[in-house]
Amino acid sequence: MTTEEEEHNLDSRPLKIAKIEEEEEEEEEEEGEEEMKISNPRLQRYLVAIEYIGTRFSGSQQQLNCRTVVGSLQEAFHKFIGQPVKIFCSSRTDAGVHALGNVCHVDVERISKRKPDEVLPPHEPTVVKKAVNHFLQKNEGGEIMVTDVCCVPSNYHARYKALERTYFYRLLSGPETLSAFEKDRAWHVPEELNLHEMQEACKVLIGCHDFSSFRASGCQAKSPIRTLDELHVSEVASSPYFPSIMERTQNNLNGEEHHVFGTNSAFGIKQGHRCFVVKARSRSFLYHQIRLLVGVLKSVGTGKITVSDVERILNAKTVTAAEPMAPASGLYLGYVRYDLP
């Protein structure tokens, strides 16, 4: 993944920001910090929450000759305000990784279209959201949308002000071929998964550890030490959800509703999968850390390795000891938490 060049201002950088720079989010390489102070007082900084389908983009960061999340957003803002902008994301995601709530910031100067020399009061956040979504819907087909916007001070950085990040990973277990509606939305595991064993394995990994066994060889973080505040596996209803034959039959017996399909035949009714969701929460993650963690949990669930093996892999402190990495398509950046001013 190509990285975005950002300006450095070491003299004005707060010490706590310098410390955070050593941290590295899931799916990202180490990068420099954008200049924190805005010299133009007429600029309004907006914090923008976005959602997108990762398989439609070549990652989040802008790249030449590729469709990216940042590139699409910058183009939409350009069409909205009539001048180019630069967008900075809280977390960078690889191609195929989805986002329910990634966050970025952008600086906007509202200039009168009739009088180019006249600077107008900043747009209200609701206006920004509606206008940018209009262009995203028109040009991007709704595959990326703005979900929230708020005004923040000029030194409020989407990445460095983030307190923690939460990711989700979906696994669909069962021998049946994956539904067309789930294509590139989850990891299909044909084998049965043992939920209890996966939950026990999570307990080994929670806390502050050297996660060298769970970071890609290309990870550029200065330290492999990370604190995993939460790692949990739960079984949830598969989505999209439609009533099964048994549920429809029960509803008919209860007189709740009438169904077109008969109850004597299951022809045309696709067998569902068990859906498992891994939740991981931390201030920051190493490159590919979550997908490597999920790969190990999946192997525990299928019985390929044991909980004791997970402890051995963690202590080995080398990625060569880990299980194969989970694919990108099942990973979702859930949300980024801030202490907003």
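Keep in mind it's a predicted model, so treat the numbers as computed, not measured. All heavy atoms count here, side chains included; hydrogens, waters and symmetry mates do not.
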With rounding to the nearest 0.5 angstrom, report the [atom1] to [atom2] distance, [X] to [Y].
| X | Y | atom1 | atom2 | answer |
| --- | --- | --- | --- | --- |
| L297 | N194 | CG | CG | 12.0 Å |
| D94 | S58 | CG | OG | 10.5 Å |
| L136 | K79 | CG | NZ | 11.0 Å |
| E311 | H209 | CD | NE2 | 9.0 Å |
| D184 | R56 | CG | CZ | 7.5 Å |
| S282 | I290 | OG | CD1 | 8.5 Å |

*Test of ring centre spacing under 6.0 Å for F214 and H288*: no
Does any part of the side chain of [Y], heavy atoms only, come nearer than 4.5 Å to the side chain of [X], both counted from C-beta?
| X | Y | result |
| --- | --- | --- |
| K279 | L231 | no |
| E191 | S173 | no |
| V48 | C104 | yes |
| L333 | V97 | no |
| R170 | C275 | yes |
| R185 | I53 | yes |
| I144 | L73 | yes |
| Y338 | S90 | yes |

Exercise. Do the ring planes of Y169 and W187 sit parallel (below 30°), tilted (30 to 60°) or perpendicular (above 60°)?
Worked result: perpendicular
message = Parallel, tilted or perpendicular, judged at 30° and 60°: which one describes the rings of H157 and H105?
response = perpendicular
Sorted by chain and number, sequence neighbours left out, ring pair (Phe, Tyr, Trp, His ring centres under 6.0 Å) with Y335 holds for none
Which pair of non-hydrogen atoms, one from [X] and one from [Y], has the smallest distance, and what is that distance?
| X | Y | result |
| --- | --- | --- |
| C89 | V70 | SG-CG2, 3.7 Å |
| Q137 | G142 | OE1-CA, 3.7 Å |
| M198 | L193 | SD-CB, 4.0 Å |
| R165 | A162 | NH2-CB, 3.4 Å |
| Y46 | V108 | CE1-CB, 3.8 Å |
| S284 | R226 | OG-NE, 3.4 Å |

Expected output: side-chain [X] to main-chain [Y] donor-acceptor under 3.5 Å:
| X | Y | answer |
| --- | --- | --- |
| E109 | L43 | no |
| S213 | K317 | yes |
| S212 | P224 | no |
| H98 | G330 | no |
| H134 | A76 | no |
| T306 | D309 | yes |
| N102 | S91 | yes |
| R45 | Y156 | yes |
| S179 | F181 | yes |
| R291 | A326 | yes |

R215 vs Q289, side chain to side chain contact (heavy atoms under 4.5 Å, CB included): CA-CA, chis, key distance, verdict
CA-CA 5 Å; R215 70 168 177 171; Q289 181 181 352; 5.5 Å; no
Check this for me: K130, atom NZ, are more than 12 non-hydrogen atoms of other residues, nucleotides or ligands nearer than 6.0 Å? no
Within 6.0 angstrom of E124 CD, more than 12 heavy atoms from elsewhere:
no
**Report entry** I225 vs C208, side chain to side chain contact (heavy atoms under 4.5 Å, CB included): CA-CA, chis, key distance, verdict
**Finding:** CA-CA 7 Å; I225 306 297; C208 184; 3.6 Å; yes
Under a 4.0 Å N-O cut-off, is there an ion pair linking [X] with [Y]?
| X | Y | result |
| --- | --- | --- |
| E140 | R67 | yes |
| E164 | R337 | yes |
| E192 | R274 | yes |
| E323 | K298 | no |

Requested in this report: Step by step, work out the side chain to side chain contact (heavy atoms under 4.5 Å, CB included) result for V189 and T302.
Outcome: CA-CA 9 Å; V189 180; T302 60; 4.1 Å; yes
### Query
Is it true that the side chains of Y52 and T93 contain a donor and an acceptor less than 3.5 Å apart?
yes
Any luck finding a side-chain donor-acceptor pair between Q62 and Q74 under 3.5 Å?
-> yes
Hphob cluster co-occupancy, [X] + [Y], side-chain heavy atoms under 4.5 angstrom:
| X | Y | answer |
| --- | --- | --- |
| M325 | L228 | yes |
| V103 | L100 | no |
| L292 | V307 | yes |
| F57 | Y332 | no |
| V236 | L178 | no |

Does V106 form a side chain to side chain contact (heavy atoms under 4.5 Å, CB included) with F77? I'd like the steps, not just the answer. CA-CA 9 Å; V106 60; F77 267 94; 3.7 Å; yes
